[in-house]
Protein chains: 2
Amino acid sequence: MSQNHPLKQDMTLSVIKTACSNCNLRELCLPLGLSLEELERLDDLISTRRRIRRGDHLYRAGEAFDAIYAIRSGFFKTDVLLEDGRDQVTGFQMAGELLGLDGISSEHHTCNAIALEDSEICAIPFSRLESLSREIHALQHHFHKVMSREIVRDHGVMMLLGTMRAEERLAAFLLNLSQRFTARGFSHAEFYLRMTREEIGSYLGLKLETVSRAFSKFQEEGYIAVQQKHIRILDVNGLKALMSQRH
Amino acid sequence: MSQNHPLKQDMTLSVIKTACSNCNLRELCLPLGLSLEELERLDDLISTRRRIRRGDHLYRAGEAFDAIYAIRSGFFKTDVLLEDGRDQVTGFQMAGELLGLDGISSEHHTCNAIALEDSEICAIPFSRLESLSREIHALQHHFHKVMSREIVRDHGVMMLLGTMRAEERLAAFLLNLSQRFTARGFSHAEFYLRMTREEIGSYLGLKLETVSRAFSKFQEEGYIAVQQKHIRILDVNGLKALMSQRH
DNA sequence: GCGTTCGCTTGATCCATGTCAACCAATAAG
DNA sequence: CTTATTGGTTGACATGGATCAAGCGAACGC
């Protein structure tokens, strides 16, 4: 069992800084235009801050659901397992994004959430979120939007899996990552992948060899420079063009 | 432009019977255990009831979002369109299910909803739903569960598209339909498909020929009897077994 | 520092599904 | 009733990606 071992240092840190109101991710994670008083009440939402070490689970499929999680820093994947052993990565999540929304429906988590690098999360007890969002209109609306955005994102993945070919899928994937890194103030053209070829393949419905070949192809074509997990995008438009060409 | 032509008859009908409290779908669509007073307030939620004729759009991608829709009777598909003309069916919805949740995030619909048979829907203005769910705890929670269930469903489709082969996909599709018909009091073993092979294929990430061949194969194997859109399931376990066999 | 493991790349081959095409059945239109 | 149209089935063939296999570099444990 991979367990979490909060360090002393970690504990004090969480006491000092668990506050949405001064979190530098608040534009990503919270509604805009809250009053000071509302912001203060929101700070009470976060029950705990936790470190999750690379490779550890934040939660597992089947566990009772009682909180959703905001990623404060780090990188996660979620995956679902079929009885017969097949599994699929359903998403990669980065700082400012939420984890655990799928657990609301059955009150049990339906997928595994695993840290791909040492990460920090804020746990938001769901019943408290519901009661606070009955009082703060903007919070309620924001939460609904976040859930809806997740549905729209999933439709995008369905589109990708259902209609695109291997290279298009990988191009879409890279462009999506690039865009999300940009939104977080990182370079849009240069980043490190936190996941393996196999995890990318699982997410994109491809085998790792196919992913690897597509990377090589993109490099040959001059769209990107790859060196293991280090990616530099050299020609965004090339990648975009690749996606829109018929068949 | 396909428009809706409500008939006089239709109008009176909607005045007489627009009431969740006596809707025979309420177990599917509403939280349980509401007080009478709460049920009455819920009835006010539904602003209009509309007929949508086979082939007509309930809404289109890009249109402003202001309501979600409960299907009172009938059958719908939703699809998304890529710029280059490719499209994909993202779901089939039947009585008691909700349409339009994807529109909350951007306040515009992100897909098309098209009736596959003459249908009736209840429009639920979203702002009213939000304000009422701030007051009725059970309604709020139910709504969150419904959104979450949609996310879980989408993960199931991603799994299907990402890891299953053609026959497994079709088997999963048939079993899912069967189960949903059963939940609505229809036969679990015999039903009419409302969609074409092409639409099934689009949903499952397959070409219509492949769908057709898989149907024929299932019939040869004795799992089902097919005659155009009429399906009889003869061996549920056969279909289930097909899905869990390795590769 | 050295061996082991893991992740990645690349080549050769195979196969499931796509593509193209012909034909048939059901339904709608005239 | 006759014809046009749409949806479905089936066959022959093509191909994208899976599979199998070998080898290599980077990271990690000892």
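Residue numbers start from 1 in every chain, and the chains themselves are labelled A, B, ... in the order their sequence lines are given, proteins ahead of strands. Hydrogens, waters and symmetry mates play no part in the numbers below; they use all other heavy atoms, side chains included.
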Visitor: Using whole Å, what does the distance between atom P of nucleotide dT9(D) and atom NZ of K207(B) come to?
Guide: 17 Å
Visitor: Nearest to the side chain of T196(A), which nucleotide is it out of dT17(C), dT9(D), dC8(C)?
Guide: dC8(C)
Visitor: Expressed as a whole number of angstroms, how long is the span from L208(B):CG to dT19(C):C1'?
Guide: 11 Å
Visitor: Could you state the NE2-C1' distance from H230(B) to dA25(C), rounded to the nearest angstrom?
Guide: 17 Å
Visitor: List, with names and distances, any nitrogen or oxygen atoms from the protein found under 3.5 Å away from nitrogen or oxygen atoms belonging to nucleotides 23-30 of chain D.
Guide:
none

Visitor: Using 30° and 60° as the class limits, which term best fits the ring planes of H109(A) and Y59(A): parallel, tilted or perpendicular?
Guide: parallel
Visitor: Any N or O donor-acceptor pair linking the side chain of E209(B) to the base of dC20(C) at under 3.5 Å?
Guide: yes
Visitor: Which listed nucleotide (dG8(D), dG17(D), dT19(C)) is nearest to the side chain of R197(B)?
Guide: dG8(D)
Visitor: Mind calculating the distance between CD (Q219(A)) and C1' (dT9(C)) to the nearest angstrom?
Guide: 11 Å
Visitor: Roughly, in whole Å, what's the span from CD in Q227(B) to P in dA26(C)?
Guide: 8 Å
Visitor: Distance check needed: dT9(C) P versus E198(A) CD, whole Å only.
Guide: 13 Å
Visitor: S216(A) side chain N/O closer than 4.0 Å to the phosphate oxygens (OP1, OP2) of dT10(C)?
Guide: yes
Visitor: Please determine if E97(A) and R153(A) form a salt bridge, counting it only when a charged side-chain N lies under 4.0 Å from a carboxylate O.
Guide: no
Visitor: Once you apply a heavy-atom cut-off of 4.0 Å, does L206(B) come out as touching a base, just sugar-phosphate, or nothing?
Guide: sugar-phosphate
Visitor: What donor-acceptor contacts under 3.5 angstrom involve side-chain atoms of residues 227-239 of chain A, with partners at least two apart or in another chain?
Guide:
{"from": "H230(A)", "atom 1": "NE2", "to": "E190(A)", "atom 2": "OE2", "distance (Å)": "2.8"}
{"from": "D235(A)", "atom 1": "OD1", "to": "N237(A)", "atom 2": "N", "distance (Å)": "3.2"}
{"from": "D235(A)", "atom 1": "OD1", "to": "G238(A)", "atom 2": "N", "distance (Å)": "2.8"}

Visitor: Which is true for G205(B) with a 4.0 Å heavy-atom rule: it touches a base, it touches only sugar-phosphate, or it touches nothing?
Guide: sugar-phosphate
Visitor: CZ of F215(B) versus C1' of dG7(D): gap in Å, rounded?
Guide: 13 Å
Visitor: Compare side-chain N and O positions of K229(A) against OP1 and OP2 of dG7(C) and report whether any pair is under 4.0 Å apart.
Guide: no
Visitor: Side chain to side chain contact (heavy atoms under 4.5 Å, CB included) with H155(B): which of I151(B), V152(B), V157(B)?
Guide: I151(B)
Visitor: Please name all residues satisfying salt bridge (Lys or Arg N to Asp or Glu O under 4.0 Å) with E167(B), sequence neighbours left out, ordered by chain then number.
Guide: K217(B)
Visitor: Looking at dT9(C), I'd like to know if its phosphate oxygens (OP1 or OP2) sit under 4.0 Å from a side-chain N or O belonging to S212(A).
Guide: yes
Visitor: Looking at R213(A) and dT19(D), is any side-chain donor or acceptor paired with a base atom of the opposite kind under 3.5 Å?
Guide: yes
Visitor: Return the value, rounded to whole Å, for the distance between atom CZ of F218(B) and atom C1' of dT9(D).
Guide: 16 Å
Visitor: Shortest non-hydrogen contact from T90(B) to Y203(B)?
Guide: O-CE1, 3.6 Å
Visitor: In terms of ring plane angle, is the pair F75(B) and F92(B) parallel, tilted or perpendicular, where the classes change at 30° and 60°?
Guide: tilted
